Amino acid sequence: MKKGSKIAIVGCSNGQPQKNHEKLEKLYSTLSELGLTPVFGDCIYEKESVFSGTGKERAEVLMNFYRDKEIQAIFDISGGDIANEILPYLDYEQIAESDAVFWGYSDLTTIINAIFSKTGKKSVLYQVRNLISKDAPEQIADFSATFFRGTGDLFSFQYEMIQKESMQGIVVGGNIRCLLKLAGTAYWPDMNGKILLLESLGGLVPQMTAYLNQLKQIGVFEQINGILMGTFTKMEEEDAAPSMTELVKRYAGRELPIAKTEKIGHGTNAKGIVIGQEIE
């Protein structure tokens with residue numbers, strides 16, 4: 001990107017509480033100071049319950065930015081539960097033709113994987129609000145270096161192979177709970193030969209057991225080339241037993257390559273990862 005590039009700010013999942021005005025003003029200032037030109041869409045703040053607009057309205061806000069040829073990237077600042085409501089209203093042909101890249105995390109896993117499934121287009125699992133978090137200095141440095149100097153610092157993360165020695169494939173997935181909302185729909189990504197990224201904010205052993213068994217029962221572990229585990233915040237905070245690593249090995253099997261990183265997930269120190277891009 002160049003200084004002055006226009007970027008969009010949207011909220012396709014739960015609306016922001018009205019009390020977050022000051023935080024979003026800080027985000028606007030931070031992005032502007034970096035040299036970008038942020039444009040906030042409609043449907044950012046809660047209007048009725050968690051809704052900032054109907055599913056169709058939120059989808060139209062997103063599509064208007066995809067149609068705007070000046071927009072270089074689209075950052076979703078939301079999360080929660082309702083992002084999948086907009087999926088039927090998106091114009092996937094228009095998204096495929098656009099140069100703009102979608103960025104979001106958590107519940108936006110649904111949109112990111114639907115875009116890949118429908119178009120083959122890459123998106124980024126990353127929350128731009130990290131730029132105003134407690135880890136802001138490091139996040140801003142990585143973000144700026146990646147956006148303006150092309151270093152890729154924002155996508156460089158350490159990992160450990162915890163089963164087998166290597167794996168290679170195109171990355172799909174994200175938040176485990178939200179990804180499974182796509183199961184059985186036209187938006188579920190083809191898992192054959194993929195690296196499945198899994199991470200989570202909430203949930204303990206019962207929830208993770210249910211999610212992993214659903215993945216097993218729909219045949220995912222027989223199709224993929226490996227699993228990349230991010231952080232599982234609640235599991236790790238509670239020091240849950242069995243651990244998430246033990247659960248993944250139990251249900252995915254002992255022959256599937258598995259890697260673990262502490263740098264992808266809901267932490268404010270999280271790096272970004274490109275969904276739809278091959279990694280090794």
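Small disclaimer: the values here were computed from a predicted structure and weren't measured.
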Any [X] side-chain heavy atom under 4.5 Å of [Y] side chain:
X	Y	value
S78	L108	yes
T268	Q139	no
R177	D81	yes
V205	P242	yes
K181	T109	no
K194	V171	no
T110	Y187	no
L212	R250	no

Around [X], counting heavy atoms of other residues, nucleotides and ligands shown, do more than 12 lie under 6.0 Å from its [atom1]?
X	atom1	value
K6	NZ	yes
K134	NZ	no
E222	CD	no
K249	NZ	yes
D42	CG	no
Q18	CD	yes

According to a hydrophobic-cluster definition based on side-chain heavy atoms being under 4.5 Å apart (Ile, Leu, Val, Met, Phe, Trp, Tyr only), do [X] and [Y] belong together?
X	Y	result
I86	L182	yes
L198	L204	yes
V61	F40	no
Y89	F116	no
I71	V101	no

Practice item. Using the side-chain contact (heavy atoms from CB on, under 4.5 Å) rule, take I77 and I44 through it: C-alpha gap first, then chi angles, then the decisive distance, then the call. Key: CA-CA 9 Å; I77 57 171; I44 294 291; 4.2 Å; yes
Review point. Nearest 0.5 Å, what's the CG-CG distance between L196 and L179?
Key: 6.5 Å
Revision key, fill the gap. Value for CG (L125) from CG (L197), rounded to nearest 0.5 Å, stands at 6.0 Å
Minimum heavy-atom separation for [X] and [Y], please, with both atom names.
X	Y	answer
Y251	F221	O-CD1, 3.4 Å
G193	N225	O-ND2, 3.1 Å
G104	I112	O-CD1, 3.3 Å
F148	M1	CD2-O, 3.6 Å
A259	M167	CB-CE, 3.5 Å
N269	D135	N-OD2, 3.4 Å

Review point. How far apart are the C-alpha atoms of L228 and I264, what are their side-chain angles, what is the distance that settles it, and do they pass the side-chain contact (heavy atoms from CB on, under 4.5 Å) test?
Key: CA-CA 10 Å; L228 174 59; I264 296 175; 4.2 Å; yes
Does the pair [X]/[Y] count as a salt bridge with the N-to-O cut at 4.0 Å?
X	Y	value
R67	E60	yes
K263	E138	no
K164	E255	yes

Point to revise | T54 backbone acceptor or donor facing E48 side chain under 3.5 Å | key: no
Practice item. Look at the aromatic rings of F157 and Y159 and report parallel, tilted or perpendicular, splitting at 30° and 60°. Key: perpendicular
Review point. Can T37 and E70 be said to form a side-chain contact (heavy atoms from CB on, under 4.5 Å), step by step?
Key: CA-CA 10 Å; T37 304; E70 292 187 348; over 6 Å; no
Exercise for review: Check the pair I9, Y28 against side-chain contact (heavy atoms from CB on, under 4.5 Å), reporting the backbone distance first and the verdict last.
Suggested key: CA-CA 9 Å; I9 306 296; Y28 179 91; over 6 Å; no
